Amino acid sequence: MYNRPDEVAELLESLTKQTDKGFEVLVIEDGSSVPCKEVCEKYVDKLDLHYYFKPNSGRSETRNYGMERASGEWFIIYDSDVIVPPSYIATVREELAKNPVDCYGGPDAADDSFSDVQKAINYSMTSIMTTGGIRGATKNKEKFSPRSFNMGISKKCFTTVGGYKNMIGEDIDLSIRIKEAGFKTTLIPEAYVYHKRRVDLMKFFRQVNTFGKGRVLLGELHPGSLKLVHLLPAVFVLGNIALVLLTVACAFVWGWCSLLLLTPIAVFVLGVFCESLVKNKSLKIALLSIVASYMQLFGYGTGFLGECLTHRARKKSQEELYK
């Protein structure tokens, strides 16, 4: 937790409604100036809850701090901005009993209570058209890389690999090291959470821009981990810019006919609009999904390209990058 008491209240409230009550909750306050201790105190009679306050050191060290103090044999990590469906714990326990693994991840979804912007951002982060299905829509469960907004790891696995490293893309780095150590990972599609994400489109842009920078660093740290799908946002950015410049240049010769060069962009925009309209059943969210999708692809793509050219992220701390 870092300065988000309102979010943790929603998370804890959702945990009180779990059909399976066999779990403890640890809330680790990472040096917040706006702590959530008073919020947590309201739930000590409803949950087996343990609150810790520590000096600020970033997400990775804070997660490790919590897992070192947990008493269970399995750790489940959530971001503070998620709401957990009532059947989540029961679903995970049942799935792990049938298919024992060392680490799992689950997808995210948008709750009906989310704002239109939040639903549009959720679309942009989960659609095949924008992320290629790598955040939960993939059919190959074993190749899925669990992410820390919704992730479970056994104590044995955590202890063996040494937990999180203090770096950009720390959850993907952890997933890679888990697989390299010979542990088995999977996706549990039914173990979804409602992920609120950023409620501001510019904050969302800055967040995914950092993700793009982190992907370059992860590719250097783990050779072979960089896949074609990770390059697509950068290709999307360069392609859009090239098409717009070419259209402007050809307008002097072809006139209005030069607009035909923008057909690929129009097809993409129409595809996003139609898919979001069917999924969200809202004209406004469908239009916002176009904006959010461009924010997501341009944010990630420019971050990726910028880091390839400048390597500036290497010189900045994690805290600076996530402001």
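Just so you know, residue 1 is the first one in the sequence shown, and it goes up from there. Predicted model, so just to flag it, every value in this text is computed and none were measured.
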N-O pairing of Asp116 and Lys281 below 4.0 Å | no
Pair Glu10 + Lys196, salt bridge at N-O below 4.0 Å | yes
Grouping I, L, V, M, F, W and Y whenever their side-chain heavy atoms are under 4.5 Å apart, do [X] and [Y] come out in a common cluster?
X: Val161; Y: Ile172; value: no
X: Val8; Y: Tyr2; value: no
X: Phe183; Y: Leu187; value: no
X: Val101; Y: Phe75; value: no
X: Val82; Y: Trp74; value: yes

Search all heavy atoms of [X] against all heavy atoms of [Y] and return the closest pair with its distance.
X: Cys103; Y: Met151; answer: SG-CE, 3.7 Å
X: Ser225; Y: His230; answer: O-CE1, 3.5 Å
X: Asp173; Y: Leu221; answer: OD1-CD2, 3.5 Å
X: Arg69; Y: Tyr52; answer: CD-CE2, 3.8 Å
X: Arg93; Y: Gly22; answer: NH2-O, 3.0 Å
X: Ser289; Y: Asn280; answer: OG-ND2, 4.5 Å

Taking [X] for the side chain and [Y] for the main chain, is one N or O donor matched with an acceptor at less than 3.5 Å?
X: Asn56; Y: Gly31; answer: no
X: Gln18; Y: Ile89; answer: yes
X: Lys284; Y: Val117; answer: no
X: Asp79; Y: Asp81; answer: no
X: Arg177; Y: Gly163; answer: yes
X: Ser124; Y: Ser293; answer: no
X: Thr16; Y: Glu13; answer: yes
X: Ser276; Y: Val272; answer: no
X: Asn166; Y: Ser60; answer: no
X: Thr159; Y: Lys155; answer: yes

Does the side chain of [X] reach to within under 4.5 Å of the side chain of [Y], using non-hydrogen atoms?
X: Tyr164; Y: Ser148; result: yes
X: Gln118; Y: Asn122; result: no
X: Leu288; Y: Lys119; result: no
X: Leu261; Y: Cys250; result: yes
X: Ile176; Y: Glu180; result: yes
X: Tyr192; Y: Thr91; result: no
X: Val229; Y: Leu232; result: yes
X: Phe236; Y: Thr130; result: no

Evaluate the side-chain contact (heavy atoms from CB on, under 4.5 Å) criterion for residues Phe114 and Ile83: first the C-alpha distance (whole Å), next the side-chain angles of each, then the deciding distance (0.1 Å), finally the verdict.
-> CA-CA 11 Å; Phe114 286 9; Ile83 298 172; 4.3 Å; yes
[X] side, atom [atom1]; [Y] side, atom [atom2] - distance, nearest 0.5 Å:
X: Glu170; Y: Glu61; atom1: CD; atom2: CD; result: 11.5 Å
X: Asp48; Y: Lys21; atom1: CG; atom2: NZ; result: 12.5 Å
X: Glu95; Y: Glu190; atom1: CD; atom2: CD; result: 6.5 Å
X: Phe273; Y: Ile290; atom1: CZ; atom2: CD1; result: 6.5 Å
X: Asp30; Y: Met1; atom1: CG; atom2: CE; result: 10.0 Å
X: Leu283; Y: Leu277; atom1: CG; atom2: CG; result: 6.5 Å

Begin with the C-alpha distance, continue with both residues' side-chain angles, and end with the deciding distance and a verdict on side-chain contact (heavy atoms from CB on, under 4.5 Å) for Met125 and Val208.
-> CA-CA 10 Å; Met125 291 297 287; Val208 292; 4.1 Å; yes
Does a sphere of radius 6.0 Å around NZ in Lys54 hold more than 12 heavy atoms from other residues, nucleotides or ligands, not counting ones at 6.0 Å or beyond?
-> yes
On the ring face of Phe211, is Arg215 found with NZ or CZ under 6.0 Å from the centre and within 45° of the axis?
-> no
Could you give me the CA-CA distance, side-chain angles and deciding distance for Thr126 and Lys279, then say whether side-chain hydrogen bond (donor to acceptor under 3.5 Å, both in side chains) is met?
-> CA-CA 11 Å; Thr126 57; Lys279 181 178 180 180; 3.3 Å; yes
Candidate pair Tyr194 and Ser14, rule side-chain hydrogen bond (donor to acceptor under 3.5 Å, both in side chains), full reasoning | CA-CA 10 Å; Tyr194 299 119; Ser14 69; over 6 Å; no
Exactly one candidate in Tyr78, Tyr123, Phe149 meets ring-ring contact (aromatic ring centres under 6.0 Å, His included) with His195; the answer is Phe149
Taking it one step at a time, do Ser113 and Asp111 satisfy side-chain hydrogen bond (donor to acceptor under 3.5 Å, both in side chains)?
-> CA-CA 5 Å; Ser113 64; Asp111 185 59; 2.6 Å; yes
Are Lys184 and Asn99 close enough, and set up right, to give a side-chain contact (heavy atoms from CB on, under 4.5 Å), and what steps lead you there?
-> CA-CA 10 Å; Lys184 184 178 179 182; Asn99 178 32; 3.4 Å; yes
CA sep, side-chain torsions, deciding dist, call: Glu38, Lys42, side-chain contact (heavy atoms from CB on, under 4.5 Å) = CA-CA 7 Å; Glu38 289 186 6; Lys42 297 177 181 178; 5.7 Å; no
side-chain hydrogen bond (donor to acceptor under 3.5 Å, both in side chains) partner of Tyr51, chosen from Glu41, Glu29, Lys37 = Glu29
Let me have the donor-acceptor pairs involving side chains of residues 295-305, under 3.5 Å, with sequence neighbours excluded, atom names and distances please.
residue: Thr302; atom: OG1; partner: Asn209; partner atom: ND2; Å: 3.2
residue: Thr302; atom: OG1; partner: Phe298; partner atom: O; Å: 2.6
residue: Thr302; atom: OG1; partner: Gly299; partner atom: O; Å: 3.2

Taking the six-membered ring for Trp, are the ring centroids of Phe23 and Tyr88 within less than 6.0 Å of each other?
-> no
